[in-house]
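By convention in this document, chain letters (A, B, ...) are assigned in the order of the sequence lines, proteins followed by strands, and residues within each chain are numbered from 1.
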Amino acid sequence: VITAFRYLGGRTSDREIVAAHALYWYFLGALFFALWFVVYVTK
Amino acid sequence: VTFPRLAAAGFWTWLVGVVLVVISIASNGGPSGGNSRFVALFLASHIAVLIGLIAAAGSVATTVLTARAPGMNMRRIPMFAWSALIGSLGMLLVLPAVLGVLIYTYVDYQYGRVGFGGNLAINDWIGFGFTQPATIVYSVVAFGFAIEVIAVSSGRKLPKRGIIYTGIGLLGIVAALGAMLQEPSILVGGFDDLPFGLWVGEILSYGFFNLLPVLGGFIVISLGCARPTQQQQDASDLAAGLRPARRPHGVRRCCRQRRVPGRRCPPPRHGLRRGRVVVHRVRRGAQRAGCDHVLGARSCGVARSPTRQRFRSRPSVSSLLSLAALPMLIAGFADQPANASEFDYSGPQNLWNALSATGHVLMLLTVLAFAGLAIPVVPQGRRSGRRPVGRPHVGMGHVVAGPVRQLHRRTHRRLSRTPTRSQATETRLMLALPSAAPPAPKRQTFVGTALGCVAAGSLVGAMLALWMLFRTEAVDSAGQWVPKGIKIPMVPANTMLLCFVLILVFAQWTVYAAKNEARSHTALGLALVGIIGAAIVNAQAYIYARMKMPIIGDNATPFNAMFYAITGTFTLLIVLRHRASA
């Protein structure tokens, strides 16, 4: 949300924020895959 | 400091948490405490303390990695900065693991009290964060501080800086890896009953996670006290770091003569102008202190100014006090003081108790000494900015380039003669030195986010590890882990996984659009990511509503509390995404 606000607020040249935003989601995706397998699949 | 608001928030969170911890312990809370509310407060305030420390560690590590002075690469950073980086990285690995276990313990204690043993077993679960090898991680910064003080106070370069860097890294990283095992690595004894293979494994495990960091600390201290070269042998002094250092000879002589009315400084040597002589000698003294580059020479020169002489002795005192934790460090090898409430070590208990008590007393003296040293600084703060020879302050301490000193002296004379408006304007223009080129961006947000990802991984990983431990024990004892009557809805869980796949696609599309300066596509991608993220949170809430697991009462089980704790923590990570970069 903050990344979106910053980008829409005019910091369009600041690609680092978008890259950091993507990195965090990649990492959360990997973590959720582990959690999904351990907690939901193997139970 | 990068992310200053994050660092400030971390400090205040830590401070409030520490106050609440003290209040809860004083009110019969804490481990094995009798007051139920204050035991819960003890756990909750520890969560606040850990969150504050993690935030501060992330800020410190990002600062060292991305906000160094121009020209200062990683091979030239001071030992204190290197140790701060290693210590912060270690804490980013260790503290989230402690935090994950603490969240489990708090949820279980607050509700069911069926899985973690209540107040009597708090130390069994979170004790690993307060004993060896976790305490070694916390002491890394003290090692860097001590060796920095030894080098500056003794006025010489550190030999073999690369090996010292390696020693500090060995000290911190290996200890952090050992702490992440969530077990205090101690020798259990009774080797006669163990098979040879287990005996060797016990020794190797203990040696790797305890003795290897100690070896790193030994390398750091021994090289810090070693004689660097034959030329600097006279300047080497093993005890130099423990007493106030001398001011550079040239500066003192010049200042003494300037205090006498009517006398001026001696004529400069080597054809240099007078102002240059002082600068030259200060810089030479700074080079002896190990600062052979311009920035280091300036900073060390400022530290050597006569008006700050009284401050020079304080790091020397504090270097001695930084060893206050040493008895506690030794006692930690016997799991003290983490297991103080139920100390069942088979060795010499009185020795370890005495060491732990001595460590506590020394730590208290350290705090009092720092407070006593800090209080006089407040009324003397104005004096610390003055230049030693009574001249107006230029702005970078008194070690400035020769031409600037000459310029400033002439300017001071002009201003003292009540200059005209044009002269004053000219003076200001002359004093306005050209500003340095702005440093290249160093991707602070990206690096900070990566470190946050490391901390989040350690947090969720520790919680998953404990989940699997409980699951294995429950299956072995009762034959099942999920309680009867509880059914996990897999459709929303699989939907969440699918949503994550979509989010990764849209997040990468957002990066691609931003690189190609397609603003509308970037905004659309960010919006889609936000909407799908909200859908994930909604799916998690739907799972809670469908399962309707009791967390209090007779039907509460460890599975219930741990399920809510781990999924709730992960949902919080989604909701709080990128708050740190704000």
Side-chain angles (χ1 to χ4, degrees), chain A, chain B residues 441 443-450 452-454 456-457 459-461 463-464 467-468 471 480-482 488-490 493-494 496-497 499-501 503-504 506-508 510-511 513-515 517 519 522-523 525-527 529-530 533 536 543 559 562-563 566-567 570 573-574 577-579 581-582:
Chain A
V1 175
I2 289 170
T3 306
F5 273 120
R6 281 188 174 185
Y7 196 84
L8 295 175
R11 294 178 63 171
T12 53
S13 60
D14 200 348
R15 300 170 195 163
E16 183 197 348
I17 298 177
V18 180
H21 168 264
L23 173 70
Y24 191 72
W25 275 114
Y26 270 105
F27 209 83
L28 278 188
L31 283 182
F32 183 77
F33 180 78
L35 190 144
W36 171 80
F37 184 76
V38 172
V39 174
Y40 291 104
V41 176
T42 61
K43 299 184 178 68
Chain B
R443 302 171 70 86
Q444 292 180 345
T445 308
F446 192 82
V447 173
T449 304
C453 290
V454 171
L459 171 66
V460 176
M463 297 184 83
L464 284 177
W467 172 282
M468 289 190 284
R471 178 183 178 277
Q480 63 178 9
W481 168 233
V482 182
I488 299 177
M490 285 305 294
N494 295 336
M496 291 168 69
L497 187 65
C499 285
F500 265 103
V501 175
I503 276 185
L504 300 189
F506 286 125
Q508 190 58 42
T510 307
V511 174
K515 282 184 179 177
E517 298 182 354
R519 188 176 179 185
T522 308
L526 289 173
V529 168
I536 291 176
I543 290 176
F559 173 86
M562 295 180 74
F563 182 85
I566 191 169
T567 54
F570 189 82
L573 287 177
I574 296 175
R577 66 185 183 275
H578 270 221
R579 289 300 301 177
S581 62

Interface residue of largest heavy-atom contact number with chain A, from [options], under 4.5 Å:
options                                    : value
Ala493(B), Cys453(B), Cys499(B)            : Cys453(B)
Val501(B), Ile503(B), Val447(B), Ile536(B) : Ile503(B)
Met496(B), Gln480(B), Gln508(B)            : Met496(B)

I'd like to know if the side chain of Thr522(B) and the backbone of Glu517(B) have a donor-acceptor N/O pair within less than 3.5 Å.
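Answer holds: no.
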What is the ring orientation for Phe33(A) with Phe37(A), classed by angle as parallel under 30°, tilted 30 to 60°, or perpendicular over 60°?
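Parallel.
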What orientation do Phe500(B) and Phe32(A) show, parallel under 30°, tilted 30 to 60°, or perpendicular over 60°?
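Rings of Phe500(B) and Phe32(A): parallel, under 30°.
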What part of [X] lies closer than 4.5 angstrom to a heavy atom of chain A: side chain, backbone, both or neither?
X         : value
Val460(B) : side chain
Phe563(B) : side chain
Phe446(B) : both
Leu504(B) : both
Met463(B) : neither
Ile543(B) : side chain

Give the member of Val41(A), Thr42(A), Val39(A) that has the highest number of heavy-atom pairs under 4.5 Å with chain B.
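Counting heavy-atom pairs under 4.5 Å, the top option is Val39(A).
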Looking at every heavy atom in both [X] and [Y], which two are closest together, and how far apart are they?
X         : Y         : result
Leu573(B) : Ala456(B) : CD1-CB, 4.1 Å
Ala507(B) : Val529(B) : N-CG2, 3.8 Å
Glu16(A)  : Arg443(B) : OE2-C, 2.7 Å

Distance in Å, Tyr40(A) OH paired with Ile488(B) CD1, rounded so as to fall on 0.5 Å steps
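The CD1 atom of Ile488(B) is 7.5 Å from OH of Tyr40(A), to the nearest 0.5 Å.
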